[in-house]
Number of protein chains: 2
Amino acid sequence: MKSATHHLANPTINDIARVAEVSLATVDRVLNARPGVRESTVQKVNKAIADLGYVRDTAAANLARGRVYNFTFILPSNSNEFLVMLEAQIEQLNRRMRHERTKLSCTRVTAFDPVALAEAIKAIDASQVDGVAIFGPETPSVRDSIAHLKANGVTVVSLVSDVPSSERDYYVGLDNVAAGRTAAQLLGRFLGDTRGKIAVLTGSMLARDHLERRLGFDEVMARDFPNLQVLASLEGRDDPDLIEKLVPQAIDSSPDVIGIYSSAAGNEGLLRAFRSWKPARRPVVIAHELTPLSRAALRAGDFDAVISQDCGHLVRSAVRIMRANSDNIPINLAQERIRIDIYLKENMPH
Amino acid sequence: MKSATHHLANPTINDIARVAEVSLATVDRVLNARPGVRESTVQKVNKAIADLGYVRDTAAANLARGRVYNFTFILPSNSNEFLVMLEAQIEQLNRRMRHERTKLSCTRVTAFDPVALAEAIKAIDASQVDGVAIFGPETPSVRDSIAHLKANGVTVVSLVSDVPSSERDYYVGLDNVAAGRTAAQLLGRFLGDTRGKIAVLTGSMLARDHLERRLGFDEVMARDFPNLQVLASLEGRDDPDLIEKLVPQAIDSSPDVIGIYSSAAGNEGLLRAFRSWKPARRPVVIAHELTPLSRAALRAGDFDAVISQDCGHLVRSAVRIMRANSDNIPINLAQERIRIDIYLKENMPH
DNA sequence: GTGAAAGCGCTAACAA
DNA sequence: TTGTTAGCGCTTTCAC
């Protein structure tokens, strides 16, 4: 392929140096905002940069620097399917990116334990790590340790569940209020004009994502579906055994449950409960996260729809953002937005 | 950040050269399968590569080569919203990637015109272009010109609508049969047990994507919804004016139309028809592609759901694949799979 | 304050 | 058939 490098060729620091009448080293100092350059020289160089429309070649810069990006993911040690998938994606991306000067590691922290999480964050060595992605509850101690990390120049993103009051650079995850609204709309439309009750399964009242989903769900239910009455949340703590016990209890006490919104992890428990409990009319079920289990349930007709977020996308997005932030370059917001995926059995990936 | 490069540091061609006891140039020859190396030397080098687990640093290689990737998109000149969005994404990505040695360009060809498309493909100069992404109908002449391109070492991907019988390297687009099935399931579930007729709007019988959607739609309708009767397709040729005329005609002749599947472009015509035609009970409408118009229709309640493919993803995916193929490196299949997005007004991106 | 020169991992003349 | 060398765009000593 001819490279046809006429006047369109991108300018390099050599061009800047020539135009600004300084050396390469000086251009580099200005580019990287290093001290020890006379102000008038800085001006000259910056003018040349602007005039030529110079954009730094990050690949070449990283090559010269021998730069290696080190990113850490902090995840709940709770090992449900979603977490297993997330960790698999991290490992896979780590293998792919080892050869692109990017290393990913993973730390697990007791689920729903803010103290343990805060300690794990404090244990991060800011001199060894460029960015941290945190999936955990939002509490004051967690916020403080995030602030500490940030103060030491580490990029911080919250993952799956946001910590909006903190100084995190970015939230990588879906809009959980909107996800709850979506579940409600789907459930309501699938049920048509039928009158009845809706059971909601949640994980923990500590988890912001779970709270937000419930919020959105209730909002749309109240607004659009007066024929449906939403019951109090069943707090399953993402524990299949607990959920398996809770569900039949709740449903036996109000027999006209015609819909279930499983808004957190623990689909396994719900499905187990289904095996023993056979009502006359199967309730419409909306669950979260496309996993081997929920796929099977969709296929079998036990679940009617699944709201999901793409694990691979979450991980790639977190890494792209941490990388861009480390280099101080902008991100493509549209690309990083995590979609609220709706899956029926017809549109599941193979 | 300390780079902590102990024994984990990736091996370079220097390491290979040292271990294989040859020069850098010879390693390079073997790596790039260039001729003029004794077979026994090739073996030695390959052994060293395998032993050390060497992986080439593509960024450094591209820097040294001064390599510039040139990719061309061939699109229908029909300028509906979807095409406008697609082209905008191409332009945007081109701006982002100009500084990463990747240039994108765009050619428009009369819509639904296989001859014009085949000519446009033949007009590609294989010595100037590394990859071509084609969005157009599948005909023998198109297949032939794709074969010609491939023979000249150009990577070819089909975009949005596949040309499966050709030698294209990859299809970037969604599974249209599954998309049709999804539309049917959604429409059927939203309608509940109501009896009535369904109108289907299609673009052209030449377009493989449109045909496939209809196929999947009919399959699920026949299987799961005996209460619904699907009418013959209205061929709108993606032309809003034509569609605006067709829809009221069709609906007036069979008044019990309770659902509409708009499977192609031309939502504008459908929405215009809606403005004059006010039935007692508004039909449930499933349309394709999330665009400014369909978003507004979702919000207003004129559309009940939209099946969509992410334009940004389509373009990024096509470019990643053409790039990987030019370099002969593997792709991440999961990342490149185009999702069948379902949008309700609740889960639309802002 | 500023510049010259070596080098990151790889490629491509040109010699040998 | 093989090796030597210069250089891609950028960074980084170390001197001046």
Side-chain angles (χ1 to χ4, degrees), chain A residues 1-3 5 9-46 48-49 52-69 98-102 327-329, chain B residues 1-3 5 9-45 48-49 52-69 98-102 326-329:
Chain A
M1 315 288 154
K2 264 195 283 181
S3 54
T5 29
N10 294 324
T12 72
I13 45 169
N14 289 288
D15 302 317
I16 308 298
R18 191 171 25 75
V19 171
E21 298 174 301
V22 295
S23 73
L24 293 182
T26 298
V27 175
D28 184 68
R29 289 186 184 101
V30 175
L31 270 176
N32 294 291
R34 274 187 273 269
V37 185
R38 201 187 304 134
E39 182 53 27
S40 62
T41 313
V42 174
Q43 305 283 319
K44 266 200 304 187
V45 173
N46 279 330
I49 289 177
L52 300 188
Y54 169 81
V55 177
R56 171 213 249 106
D57 181 333
T58 319
N62 283 342
L63 175 59
R65 272 194 240 244
R67 198 202 199 309
V68 174
Y69 299 88
R98 277 198 46 213
H99 309 292
E100 295 166 45
R101 347 184 82 77
T102 304
D327 292 342
N328 244 299
I329 59 176
Chain B
M1 315 288 153
K2 264 194 285 180
S3 56
T5 29
N10 295 324
T12 72
I13 45 169
N14 289 288
D15 302 316
I16 306 298
R18 191 171 26 75
V19 170
E21 298 175 297
V22 295
S23 72
L24 291 183
T26 299
V27 176
D28 184 67
R29 287 184 187 107
V30 174
L31 271 176
N32 294 290
R34 274 188 273 269
V37 185
R38 202 187 305 134
E39 183 53 27
S40 63
T41 312
V42 173
Q43 305 283 321
K44 267 200 303 189
V45 172
I49 289 176
L52 300 187
Y54 169 81
V55 177
R56 170 214 248 105
D57 181 333
T58 319
N62 283 343
L63 174 59
R65 273 194 239 243
R67 198 200 198 311
V68 175
Y69 299 87
R98 274 200 47 212
H99 308 292
E100 297 166 42
R101 349 184 81 76
T102 305
S326 305
D327 292 341
N328 243 299
I329 59 176

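In what follows, chains are A, B, ... by sequence order, proteins preceding strands, each numbered from 1.
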Among L31(B), L52(B), T26(B), whose side chain to side chain contact (heavy atoms under 4.5 Å, CB included) with I16(B) holds?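 Answer to the side chain to side chain contact (heavy atoms under 4.5 Å, CB included) test with I16(B) among L31(B), L52(B), T26(B): L52(B).
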Nearest heavy atoms of [X] and [Y], plus distance in Å:
{"X": "A20(B)", "Y": "V45(B)", "result": "CB-CA, 4.0 Å"}
{"X": "R65(B)", "Y": "N32(B)", "result": "NH2-OD1, 3.8 Å"}
{"X": "A60(A)", "Y": "L63(B)", "result": "CB-CD2, 4.0 Å"}

Pairs under 3.5 angstrom only: tabulate donor-acceptor contacts from the side chains of residues 37-44 of chain A to other protein residues two or more places apart or in another chain.
residue	atom	partner	partner atom	Å
E39(A)	OE2	Q43(A)	NE2	2.5

Atom CZ of R67(A) to atom P of dG9(C): distance rounded to whole Å?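 After rounding, the reported distance stands at 16 Å.
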Please give, in whole Å, the distance from dT11(C) P to D327(B) CG?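 Going from CG in D327(B) over to P in dT11(C) covers 11 Å.
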Who are the salt bridge (Lys or Arg N to Asp or Glu O under 4.0 Å) partners of [X], not counting sequence neighbours?
{"X": "R34(A)", "answer": "D28(A)"}
{"X": "R18(A)", "answer": "D15(A)"}
{"X": "R29(A)", "answer": "none"}
{"X": "R56(B)", "answer": "none"}

Taking any heavy-atom pair under 4.0 Å as a contact, classify V22(A): base, sugar-phosphate, or nothing.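 Here V22(A) touches the backbone only, sparing every base.
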Once you apply a heavy-atom cut-off of 4.0 Å, does D57(A) come out as touching a base, just sugar-phosphate, or nothing?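 Touches sugar-phosphate only.
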Contact interval (first through last nucleotide) of DNA chain D with protein chain B, 4.0 Å heavy-atom: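 The contacted stretch runs from dT1(D) to dG9(D).
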Under the side chain to side chain contact (heavy atoms under 4.5 Å, CB included) rule, collect the residues that match up with L24(A), sequence neighbours excluded.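 L24(A): side chain to side chain contact (heavy atoms under 4.5 Å, CB included) contacts with I13(A), N14(A), A17(A).
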Rounded to 10 degrees, the angle between the two terminal axes of the helix from dG1(C)-dC16(D) to dA16(C)-dT1(D), each from five pairs: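 Taking the rotation axis at each end, their angle is 40°.
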Considering only nitrogen or oxygen atoms on both sides, find all protein atoms under 3.5 Å from nucleotides 4-8 of chain C and state each distance.
residue	atom	partner	partner atom	Å
dC8(C)	O2	A64(A)	N	3.1

Sequence neighbours excluded, which residues qualify as side chain to side chain donor-acceptor pair (under 3.5 Å) partners of Y54(A)?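 Testing Y54(A) for side chain to side chain donor-acceptor pair (under 3.5 Å), a comparison that skips the adjacent residues, returns none.
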By side chain to side chain donor-acceptor pair (under 3.5 Å) - contacts of D327(A) (at least two apart):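 Result, side chain to side chain donor-acceptor pair (under 3.5 Å) vs D327(A): Y69(A).
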Give me the residues of residues 30-42 of chain B where at least one heavy atom lies under 4.0 Å from an atom of DNA chain C, by number, or none.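 Those residues whose heavy atoms fall under 4.0 Å from DNA chain C, taken from residues 30-42 of chain B in numerical order, are N32(B), R34(B).
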Passes side chain to side chain contact (heavy atoms under 4.5 Å, CB included), N10(B) versus V55(B)? Steps please. CA-CA 8 Å; N10(B) 295 324; V55(B) 177; over 6 Å; no
